[in-house]
Protein chains: 2
Amino acid sequence: MTDTAAPSENRYIVPALAQGLGILSLFGGENRSFTAPEIAKALSLPRTKVFRLLQTLQSMDYVRCDEDKRHFTLGPALLRGGFEYLASLDMVEVAQPILQRLRDETGLSSHMAIRDKREIVYVARFPARSTIASSVNIGTRFPAHATIMGRMTIFEMDDKELAALFGKEPLVRFTPQTPVSLKALKALLAQDRARGYAVSQAFFEAGVSAIAAPVRDGTGKVAAAINVTAVNAHIDEQAMHGALKDAVLNAASEISRWLARKS
Amino acid sequence: MTDTAAPSENRYIVPALAQGLGILSLFGGENRSFTAPEIAKALSLPRTKVFRLLQTLQSMDYVRCDEDKRHFTLGPALLRGGFEYLASLDMVEVAQPILQRLRDETGLSSHMAIRDKREIVYVARFPARSTIASSVNIGTRFPAHATIMGRMTIFEMDDKELAALFGKEPLVRFTPQTPVSLKALKALLAQDRARGYAVSQAFFEAGVSAIAAPVRDGTGKVAAAINVTAVNAHIDEQAMHGALKDAVLNAASEISRWLARKS
DNA sequence: CGTCACTGTTCCATTAGTGAAACGACAGTT
DNA sequence: AACTGTCGTTTCACTAATGGAACAGTGACG
């Protein structure tokens, strides 16, 4: 599911570090615990090295092992990095009140996400008051090509960058509308670029509509995306491209302006 | 502030991995960005190795570098680990509704924390509705010796374990009531053990009262702690050792029972 | 405008981390 | 019980990661 740790074709890579981090990124989703041999097979590393890497990770509390001494799970040291990173993101702090206002104005759930390789990660959210709270928690990851927020984070990339990101592995289909070829994705991105925002037509999840807009940092580069989401039944096409679109775009550019002021 | 990456006296440690993770744990609090030489000095590593470690971390998006190519900040890959870890904690899922009920019953903010070395980390919380929301966010870290939740997570340790944890570095004082010697801490722990819960007398933050109780996993080992907090003015000594104590203890044992059922 | 200190990057001999083989321990199978 | 497979752990020869020295590029300072 998640991207396997790609060692990447860099000249100055420290294998031990890359492999150790590779172990950590094995965990995720349903995979909550591994044995040493399982890890060795998954990463095709020698048994003995996995043993030493695990010893190192364990001694620093990045992983823990059960009483049976065989199964390893993630450890609390990971929270150090993860939350320090969230706290370091100025944009989350800046966006918080604006997202809240967007939620209150539209009555819909508002979210903010950043891109990590081929995925987007939710970093802030305000669930709609009325309906059932959106099940999207902070930290949730979705494929970038299949979500409009994802497309917002890549819609100013040139062909070379896009090829580097999506050229290797095929684009996974989630709904009939999901773009599965680089050409189809580029067509959508061109449309997004022209509009400056995007409206979801169930590219990722059927029955869920959304409007997303890009957030730019001080240099003008797209740094994140925000959106509002609703179930299809509760929203009409007119409003999406009208007042709702304006609300999202305004919120996005307001966040961008605050970010520019910071740098 | 945060514990520097302790290589620990293990026989099978992979330095490159430990040092790379050491770089990541340099970040935190006010330290949002570092240059390569700064890192080299902080960890007393050769310039050339820091360079390669950073290249590796960067290629995997654990760190990013600014446009000036000099300053490094944390990267989005860290969210992978951090949130996968939170999601892997069954106890958070189990505790959520019980903490919410505890908050509603008592009218106070309820929290849950786990221990990471000498610190506790907040992993769940329900802020009080009435008063100003508690400023303690998920991921927040406090010293274990100076908080009653911290003491709950260590109050069944024997002398050897305590010495290993707290013997090296001195205990920092936060208020006049904070235990600053191992002896003083042990006295408090003995008291905690006798009672089975703890009441804060401003050990960490002046003006804030709290009641904490331990949560045990399937094996009976203390795995976490929960508490409720309030400002002193809003609470009287009687209630703290009476009904309030019972509510917290009941919630804690309820969570423990659910955890036992899982294993 | 040269000097100096400091940076990011590269090279290369040397050492330190590595992987295959091997050990004892355990569990399942015949 | 002996056999087979797999596990965690240890050892050791040898390969690969390492750290010092050296390079070029930057900005500071007199």
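Chain letters run A, B, ... following the sequence lines, proteins first, then strands; residues in each count from 1. Small disclaimer: the values here were computed from a predicted structure and weren't measured.
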Starting from the 5' end of DNA chain D, give me the residue, K41(A) or A16(A), whose nearest nucleotide shows up first. K41(A)
Starting at CG of L53(B) and ending at C1' of dG17(C), how long is that distance when rounded to a whole Å? 14 Å
Could you check whether N227(A) and H111(A), counting side-chain N and O atoms only, form a donor-acceptor pair closer than 3.5 Å? yes
For the pair made of CD in Q55(B) and P in dT10(C), what is the distance, rounded to whole Å? 8 Å
Nucleotide dT10(C), atom P - distance to NZ of K49(B) in whole Å: 19 Å
Just checking R70(B): base, sugar-phosphate only, or nothing, at a heavy-atom cut-off of under 4.0 Å? sugar-phosphate
Atom-to-atom span, OH of Y12(A) to C1' of dA16(D) - whole angstrom: 16 Å
Y197(A) and D192(A): side-chain contact (heavy atoms from CB on, under 4.5 Å), yes or no, with the steps? CA-CA 6 Å; Y197(A) 68 98; D192(A) 295 339; over 6 Å; no
Can you tell me how far C1' of dG8(C) sits from CD of Q58(B), to the nearest Å? 12 Å
I need the CG-P distance between L45(B) and dT18(D), as an integer number of Å. 10 Å
Is any side-chain N or O of R47(A) under 3.5 Å from a base N or O of dG19(C), one able to act as donor and the other as acceptor? no
Give me the atom names and distance for the closest heavy-atom approach of A225(A) to T153(A). CB-CG2, 4.0 Å
